[in-house]
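Remember, it's 1-based here, ligands and their atoms both numbered in the order they're listed.
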Amino acid sequence: MRVLVLAGTSEARALIGEISGKHDIVASLAGVTREPIDLGCETRVGGFGGVDGLAEYLRAERIDAVVDGTHPFAAQMTWNGAEACKRVGVRHVILQRRGWKPKDGDDWRFVAQFEEVADIIPQSATVFLGTGRQTLDQFSGLTGRRLLCRVIDPPQRDFPFEGGKFVVGRPPFSVEEEVSFFKREKIDWLVVKNAGGERSSSKLDAARLLGLPVVMQKRPKRPGGVVVWSVKDCVAWLDA
Ligand code: NAP
């Protein structure tokens, strides 16, 4: 079976490792990371050109099934994938990781949009934005706070807000690393997307240990259809 894996997450990478040899795989990356990890299979990079472009690609490449292994916050791609598959009649599944839930001792405030953060985080706080550089401009309302934004690639622009800075690092980070980073930078608040998974939950463990409050962005709505919550279940869906 020819399978298109919409990638960009560790789950997509793990799935490709599991099914290579069994299926003919083509992985797709958005092209946002300058030096992505080699997925070990045929890989295309860059957008398809919306639903129309993806539908055309599915036809031209004779794709039998699409696994949407994108990040839970890559909502545009996920909606496009569902719509294009419906249009062309290709099997479609969303491989998603479970969201995080607060544990005893956590102080989490939930928001739908980052614009709401300015009403929650007090002036003069030092804020760790674990939300990536793509969303940085959405924090323009946080004037007065010192913002630190962690990015994978060295930034090619100056930090857009006064007094703030980029911090370069490629996950995963251990809890110890996060604790010492938060202490060193005197972080008071975290802003996090509910990405879920174990790979990046260490910042939440560190926040709990240090008693730091967290603003948690809720996940965007996803389309209906089949969703699997583990690589194992995704392999079984492909085999079925
Ligand atoms: P998005 O807003 O849902 O997608 C914007 C556009 O980027 C899509 O319409 C599509 O362009 C293109 N695109 C996205 N993922 C693609 C893929 N895997 N292959 C080909 N084109 C893709 O996505 P995003 O939030 O910018 O995320 C981009 C990528 O980074 C995703 O693959 C995602 O898995 C990964 N990622 C995202 C986050 C996050 O927090 N959003 C975190 C970690 C990793 P066309 O319409 O032209 O097809």
Side-chain angles (χ1 to χ4, degrees), residues 3-16 25-39 41-61 63 65-88 90 92-100 111-114 117 128-139 149-153 168-173 190-204 215-223 227 231 234:
V3 181
L4 172 65
V5 180
L6 302 172
T9 59
S10 51
E11 287 78 9
R13 200 163 61 239
L15 175 74
I16 290 165
I25 310 163
V26 51
S28 177
L29 292 171
V32 287
T33 305
R34 258 175 262 153
E35 287 180 30
I37 297 169
D38 182 9
L39 292 168
C41 68
E42 178 188 342
T43 303
R44 61 162 306 284
V45 180
F48 296 93
V51 176
D52 291 347
L54 178 54
E56 182 48 40
Y57 177 88
L58 297 176
R59 277 194 207 99
E61 290 291 322
I63 300 294
V66 172
V67 176
D68 180 348
T70 60
H71 192 270
F73 280 82
Q76 186 65 57
M77 187 69 251
T78 292
W79 281 89
N80 288 0
E83 181 57 30
C85 285
K86 197 158 76 178
R87 199 184 282 181
V88 181
V90 168
H92 173 258
V93 67
I94 298 174
L95 166 59
Q96 190 133 108
R97 59 179 90 139
R98 299 266 179 209
W100 291 313
V111 295
Q113 306 294 337
F114 288 139
V117 175
F128 171 67
L129 301 175
T131 50
R133 83 190 129 88
Q134 281 166 293
T135 50
L136 188 53
D137 292 334
Q138 294 171 31
F139 294 98
C149 174
R150 187 154 62 199
V151 291
I152 294 177
D153 293 314
V168 179
R170 192 181 276 270
F173 304 96
L190 273 68
V191 181
V192 175
K193 294 174 180 177
N194 197 341
E198 286 171 18
R199 200 160 169 266
S200 57
S201 62
S202 53
K203 54 181 172 280
L204 298 172
V215 177
M216 181 67 70
Q217 188 187 28
K218 293 184 243 178
R219 290 182 170 190
K221 196 170 165 350
R222 64 165 182 271
V227 180
V231 168
C234 195

Inset, instruction - Heavy-atom cut-off of under 4.0 Å around ligand 1: list whichever protein residues fall inside it, by chain and number. - result: Ala7, Gly8, Ser28, Leu29, Ala30, Val32, Arg44, Gly46, Gly47, Phe48, Gly49, Gly50, Thr70, His71, Phe73, Ala74, Ala75, Gln76, Met77, Asn80, Gln134, Lys193
Inset, instruction - Answer yes or no on whether Arg150 is positioned over the face of Phe173, meaning its NZ or CZ is under 6.0 Å from the six-membered ring centre and within 45° of the axis. - result: yes
Inset, instruction - Go through Ser28 and Arg44 one step at a time and tell me if the side-chain hydrogen bond (donor to acceptor under 3.5 Å, both in side chains) criterion holds. - result: CA-CA 5 Å; Ser28 177; Arg44 61 162 306 284; 2.7 Å; yes
Inset, instruction - Scan side-chain atoms only and decide if Thr78 and Thr70 contain a donor-acceptor pair under the 3.5 Å cut-off. - result: yes
Legend entry - ring-ring contact (aromatic ring centres under 6.0 Å, His included) involving Tyr57 - partner list, sequence neighbours excluded: Phe48
Inset, instruction - Kindly indicate, with the supporting measurements, whether the criterion side-chain contact (heavy atoms from CB on, under 4.5 Å) is fulfilled by Leu190 and Val215. - result: CA-CA 6 Å; Leu190 273 68; Val215 177; over 6 Å; no
Legend entry - Passing option when Leu54 is tested against Leu4, Ile63, Val88, Val66 for side chain to side chain contact (heavy atoms under 4.5 Å, CB included): Leu4
